[in-house]
Amino acid sequence: MARIAGVDIPGRKHLWVSLQYIYGIGPKSARDICDKAQIEPSKLAETLDDNEVKRIREIIEGDLKVEGDLRREIQMNIKRLMDLGCYRGLRHRRGLPVRGQRTHTNARTRKGPRKGVMSRKK
């Protein structure tokens with residue numbers, strides 16, 4: 001099991017699939033990494049030798065922003081929107097959908113579980 005960008009990638013999967021376990025790498029960028037490193041994307045991750053793992057690490061560190069750096073940047077962008085007080089920032093602050101979805105009946109993921117109508121005590 002190889003460790004790349006602080007993540008143990010699964011060995012029994014194809015390389016292009018196992019690279020997607022790293023936050024910030026999707027199918028397209030995983031295949032691009034394999035092409036730049038000159039490694040067959042369908043090769044199993046556990047069959048990589050040290051030289052190939054080193055090439056993949058160098059490509060990811062040089063070209064892409066992944067894992068902690070990417071998460072931090074996204075959080076900073078959201079915090080910036082909230083500090084500005086723009087519409088998107090207010091929606092983030094209130095925990096409501098940000099991209100124009102309806103909230104009358106849906107949006108349970110953002111709003112949390114329903115708060116039912118309280119019955120009156122007699």
Side-chain angles (χ1 to χ4, degrees):
M1 187 182 314
R3 189 164 179 84
I4 299 173
V7 176
D8 292 329
I9 61 171
R12 297 202 175 263
K13 295 181 185 276
H14 292 280
L15 180 60
W16 73 275
V17 174
S18 57
L19 281 175
Q20 294 177 51
Y21 280 70
I22 300 170
Y23 183 80
I25 296 180
K28 174 79 169 86
S29 54
R31 287 189 184 270
D32 290 345
I33 291 167
C34 292
D35 291 341
K36 286 181 184 175
Q38 298 172 345
I39 302 170
E40 185 64 34
S42 60
K43 186 174 184 179
L44 290 181
E46 63 186 6
T47 61
L48 293 174
D49 61 1
D50 293 338
N51 188 25
E52 292 170 332
V53 172
K54 184 178 177 222
R55 287 197 311 240
I56 291 172
R57 269 197 204 111
E58 289 172 354
I59 291 168
I60 290 175
E61 288 172 3
D63 299 347
L64 301 172
K65 190 173 284 194
V66 292
E67 283 299 323
D69 295 336
L70 181 60
R71 289 180 207 267
R72 196 173 309 109
E73 181 180 333
I74 291 170
Q75 285 302 110
M76 290 302 293
N77 289 340
I78 292 171
K79 187 176 182 314
R80 179 179 51 82
L81 290 171
M82 289 166 54
D83 292 343
L84 284 173
C86 64
Y87 181 77
R88 282 174 58 199
L90 295 175
R91 302 298 280 185
H92 273 292
R93 197 178 304 158
R94 292 181 186 153
L96 293 169
V98 178
R99 297 184 180 180
Q101 298 91 333
R102 66 179 288 136
T103 58
H104 179 69
T105 56
N106 295 327
R108 290 310 341 160
T109 302
R110 285 290 301 199
K111 290 166 73 174
R114 286 187 171 85
K115 299 157 185 82
V117 179
M118 295 296 207
S119 60
R120 244 186 335 160
K121 290 189 179 178
K122 294 184 179 179

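Heavy atoms only: backbone and side chains are in, while hydrogens, waters and symmetry mates are out.
- Taking the charged nitrogens against the carboxylate oxygens, Arg80 and Asp83 have no contact shorter than 4.0 Å, which rules out a salt bridge.
- A 6.0 Å sphere centred on CD of Gln101 holds more than 12 heavy atoms belonging to other residues, nucleotides or ligands.
- In the displayed structure, Arg93 atom CZ is contacted under 6.0 Å by more than 12 heavy atoms of other residues, nucleotides or ligands.
- Note on residues 104-118: no pairs pass salt bridge (Lys or Arg N to Asp or Glu O under 4.0 Å), not counting sequence neighbours.
- Within the 4.5 Å cutoff, side-chain heavy atoms of Pro27 are placed close to those of Gln20.
- Surrounding OH of Tyr23 are more than 12 heavy atoms belonging to other residues, nucleotides or ligands, all under 6.0 Å away.
- Residues Ile59 and Ile9 fall within the same hydrophobic cluster, defined by Ile, Leu, Val, Met, Phe, Trp and Tyr side chains chained together at heavy-atom separations under 4.5 Å.
- In this structure, CD1 in Ile4 is found 5.5 Å from CD1 in Ile60, a value given to the nearest 0.5 Å.
- How far NE2 of His14 is from CG of Leu44: 6.0 Å, rounded to the nearest 0.5 Å.
- To the nearest 0.5 angstrom, Asp63 atom CG is 11.0 Å from Glu58 atom CD.
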**Item:** Residues Val66, Val7; criterion side chain to side chain contact (heavy atoms under 4.5 Å, CB included); working and verdict
**Value:** CA-CA 11 Å; Val66 292; Val7 176; over 6 Å; no
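- Taking each heavy atom of Leu70 and Gly24 in turn, the nearest pair found is CD2-CA, 3.5 Å.
- To the nearest 0.5 Å, atoms CG (Leu64) and CD1 (Ile22) are separated by 9.0 Å.
- Between Asp50 and Lys54 there is no side-chain heavy-atom pair separated by less than 4.5 Å.
- For Arg57 (side chain) and Arg3 (main-chain N/O), a donor-acceptor pair under 3.5 Å exists by modelled atom type.
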**Message:** Could you walk me through whether Leu81 and Val98 satisfy the side chain to side chain contact (heavy atoms under 4.5 Å, CB included) test, starting with their C-alpha distance in whole Å, then the side-chain angles of each, then the deciding distance to 0.1 Å, before giving a yes or no?
**Reply:** CA-CA 11 Å; Leu81 290 171; Val98 178; over 6 Å; no
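- Within a 6.0 Å radius of NZ in Lys65, no more than 12 heavy atoms belonging to other residues, nucleotides or ligands are found.
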**Prompt:** Between Ile39 and Arg55, is a side chain to side chain contact (heavy atoms under 4.5 Å, CB included) present by the stated rule, with each step listed?
**Reply:** CA-CA 9 Å; Ile39 302 170; Arg55 287 197 311 240; 3.5 Å; yes
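- A distance-only check finds a donor-acceptor pair linking the side chain of Arg91 to the backbone of Pro97 [under 3.5 Å].
- Both Leu15 and Ile25 are assigned to one and the same hydrophobic cluster, defined by single-linkage of ILVMFWY side chains at heavy-atom distances under 4.5 Å.
- Taking CG from Leu84 and NZ from Lys79, the interatomic distance works out to 10.5 Å, rounded to the nearest 0.5 Å.
- Put simply, CD on Glu52 and OG1 on Thr47 are 7.0 Å apart, with the number rounded to the nearest 0.5 Å.
- We find that Asp32 and Lys36 are not joined by a salt bridge, their nearest charged nitrogen and carboxylate oxygen being 4.0 Å or further apart.
- In terms of hydrophobic clustering, with Ile, Leu, Val, Met, Phe, Trp and Tyr side chains grouped at heavy-atom distances under 4.5 Å, Tyr21 and Trp16 are assigned to different clusters.
- For Arg71, the CZ atom is densely surrounded, since the number of other residues' heavy atoms within 6.0 Å is greater than 12.
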